[in-house]
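Counting begins at 1 with the first residue of the sequence.
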Amino acid sequence: MAERSTAAVDVADNSGEQPLTAQADQSTADGVAKNRERDTDNDEAQKSTGADGSGKTSPTELHSGHKLARRYRLEECVTRLDGFSSWRAVDEKLRRAVGVHILPADHSRARSVLAAARSSALLGDPRFVQVLDAVEENDVVYVVHEWLPDATELTTLLAAGPLEVYDAYQMVSQTSAAMAAAHREGLAHLRLNPNAVLRTSTGQWRIRGLAVNAALRGVSSETPQRTDTESIGALLYAALTQRWPYENDAYGMSGLPKDIGLIPPDQVRAGVHRGLSELAMRALANDGATASRHESPCTTPEELVKAIGEMPRIRPPEPAFTSPPDYQRTTYQQGTYGRPAPHPGISQPAPVPPPPLQSRTGKALKWAVSALLIAALGLGSWQLADALMEQGGKTDETNKTQTTDGDDKSPGKPVSKPIAIQGAQDFDPFGSDGSEKPGDVGKAYDNTPGTYWQTDFYLSTDFGRLKPGVGVILDLGKVQQVGKVTVSFVGHTSVELRAASGDDGLRPTSFDGYAKVAEGSGSSVTLKPGKAVKSRYLLVWLTELPQTSDGNFRGRVVDVKVNS
């Protein structure tokens, strides 16, 4: 599968809620929650046992360093309760961090966890933390999912204070749209809380634990759409006020005062955006009622998306402009270079210009210089006229002997012209699955600066020592003369240009079918073959990758241009 990762795997979230007794595989059906979640922060969750008897199943004895399927090495246990455990692990085959949920195969929820994980994996929506594997083997069921090292939980963000208006707007917009897409496929979350919502370093919001977290905890609902919508309302309420919209404290936030009911966010904290305050109240539909007196409640994520679309758009804040410092002259520009700095408080006398040449000697010197200049000008003019006359004579003689042959075909330097790329394909002959981000390969030559084809994550610049490289095969449509290939990257990248003979018109499928004709490195590399190359298929082969901001290594090809 594609390279992915997640920031944490804690599905327990220390909420203190006892697991419900209903079957977890009902979490993908539609209906009203029998017991609406109002999670609170305490340590009793670590001791909770399911009412359905899951607490009778002892957790599998695992430890750091244990390997699953001779591939996933467990590193750190982040949750252990209710008969299952969650770990941060390493996929040794692809050299990437992953998260793993593990429970015994005879656990009462094992079947429903497997079903929920496989259903979530089929969704494939990038707004959710992706399930990478769901397996039962050796009396153990485990679910492998992404690990996002650059993501931060909403719980952590709110610990520093309420979100800015634009950030809260983006959070509720992206979360609502993602959940609406999931419900259209029959999937629900049912455990949507600040621990399950993550913001990446690029500002995108991701949701983890779709269907799986509820299955692990045995949570079900008769109306999952309404349950998830109310959870989104609680997230927005907390983002605007840094308060949990129920009486109990939860996720490091204080609850509302008792016996006053649910009050709008703009009455809890000054300066709250009125439109977002109204939206949070419409989503928090308590048993069919709503605290909003002007608009009807939203009971599904789809209705919430529609309500957001009807709001005036909230624009991002203007970037703060810092005026540049005053221009400072250098000592050389100020005329003090090589001179001692004046002492403060002591005025320096202005230099007195030398007197003009007023004496008899000075006048004689001026007349002598003037005479020399006049003589030089006269001599230069005479030489120039003589040269022109001589050149004119030669021109006449040349015209008498020159032939005007219109068929003169003296060889000239060919003009370089762009060659259109007819198609491209990812090329990973040394990889485990033989492919490398095939869905994005068209972005490598679409002439769009903001898009690119990228490789998977690796742990070192040499592909984690897993393979010598990966690349993109360019199809020029027919055999053509190739003069140069210009490749733009994100970051300093080493690359080779390889060409196939293409005599038979077939694209080679092995690495040996492409001969190296040029190489280079940098963020923009021009690859010129040392001798004439005629080929239909070119291979842009990456050999060393730049480091990304999260400490991993991956290549990004922004644009490729081919010229004759």
Side-chain angles (χ1 to χ4, degrees), residues 13 36-39 127 152-183 189-199 203-208 225-246 248-256 261-286 289-316:
D13 62 54
R36 184 172 57 251
E37 286 188 283
R38 296 180 181 177
D39 294 351
R127 292 170 292 189
T152 306
E153 293 180 357
L154 181 58
T155 308
T156 304
L157 296 174
L158 293 179
L163 297 185
E164 296 293 335
V165 174
Y166 180 74
D167 292 335
Y169 173 74
Q170 287 294 315
M171 184 275 296
V172 71
S173 299
Q174 296 181 31
T175 303
S176 301
M179 289 309 306
H183 280 285
H189 197 291
L190 307 184
R191 296 278 299 170
L192 199 55
N193 53 50
N195 288 340
V197 179
L198 314 170
R199 186 175 69 181
Q204 300 299 312
W205 294 88
R206 305 278 299 272
I207 301 173
R208 70 171 172 222
Q225 293 203 48
R226 171 139 158 225
T227 301
D228 284 341
T229 304
E230 183 176 348
S231 297
I232 296 173
L235 293 174
L236 178 57
Y237 196 105
L240 296 173
T241 64
Q242 201 186 14
R243 299 287 292 268
W244 193 236
Y246 304 107
N248 297 325
D249 299 345
Y251 309 108
M253 294 176 285
S254 301
L256 298 178
L262 183 63
I263 57 177
D266 55 2
Q267 296 182 17
V268 175
R269 175 176 168 267
V272 171
H273 188 276
R274 187 173 182 83
L276 293 179
S277 175
E278 182 80 12
L279 187 67
M281 298 305 291
R282 293 178 65 185
L284 286 167
N286 299 292
T290 178
S292 172
R293 300 180 180 179
H294 305 290
E295 301 287 347
S296 59
C298 299
T299 57
T300 67
E302 200 73 53
E303 293 178 359
L304 197 55
V305 170
K306 183 178 179 181
I308 295 172
E310 294 172 351
M311 288 177 53
R313 185 176 179 182
I314 299 176
R315 299 187 178 276

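Here the options are Leu235, Leu279, Leu236, Leu304, the test is side chain to side chain contact (heavy atoms under 4.5 Å, CB included), and the partner is Ser176; only Leu304 passes. For the side chain to side chain contact (heavy atoms under 4.5 Å, CB included) criterion with His183, the lone passing option out of Thr229, Asp228, Thr300 is Asp228.
The environment of CD in Gln267 is crowded: more than 12 heavy-atom neighbours from other residues, nucleotides or ligands sit within 6.0 Å.
Every residue two or more places apart in sequence or in another chain was checked for a salt bridge (charged side-chain N to carboxylate O under 4.0 Å, His left out) with Arg243, and none qualifies. Contacts of Ala238 classified as side-chain contact (heavy atoms from CB on, under 4.5 Å), with partners at least two apart in sequence or in another chain: Leu158, Trp244, Met253. The side-chain contact (heavy atoms from CB on, under 4.5 Å) check on Ser173 picks up Tyr169, Ile308, with sequence neighbours excluded. Contacts of Gln242 classified as side chain to side chain donor-acceptor pair (under 3.5 Å), with partners at least two apart in sequence or in another chain: none. For Ser277, the side-chain contact (heavy atoms from CB on, under 4.5 Å) partners at least two apart in sequence or on another chain are Pro264, Pro265, Asp266, Val272.
Between the side chain of Arg282 and the backbone N or O of Ser296, at least one donor-acceptor pair lies under 3.5 Å. In this structure a side-chain-to-backbone donor-acceptor pair under 3.5 Å is present from His189 to Arg208. The backbone N or O of Leu240 sits less than 3.5 Å from a side-chain atom of Arg269, completing a donor-acceptor pair.
Applying the salt bridge (Lys or Arg N to Asp or Glu O under 4.0 Å) test to every pair with at least one member in residues 168-179, sequence neighbours left out, gives no pairs at all. Sorted by first then second residue, the side-chain hydrogen bond (donor to acceptor under 3.5 Å, both in side chains) pairs that include residues 301-312, not counting sequence neighbours, are Arg184-Glu302, Thr299-Glu303. The stretch residues 170-183 participates, sequence neighbours left out, in no salt bridge (Lys or Arg N to Asp or Glu O under 4.0 Å) pair at all.
Rounding to the nearest 0.5 angstrom, the gap separating the CD atom in Gln204 from the CZ atom in Arg199 is 11.0 Å. Rounding to the nearest 0.5 Å places CG of Leu276 at 13.5 Å from CE of Met281. Considering CD of Glu164 and CE of Met171, their distance stands at 13.5 Å, rounded to 0.5 Å. Between Asn248 atom CG and Leu256 atom CG the span is 10.5 Å, to the nearest 0.5 Å.
Summarising the geometry of Ala283 relative to Gly233, their closest heavy-atom pair is CB-CA, 3.5 Å, with the distance given to 0.1 Å. Taking each heavy atom of Tyr237 and Leu262 in turn, the nearest pair found is CE1-CD1, 4.0 Å. For Ile207 against Ala178, the heavy-atom pair with the smallest separation is CD1-CB, 4.0 Å.
Between Trp205 and Leu154 there is a side-chain heavy-atom pair separated by less than 4.5 Å.
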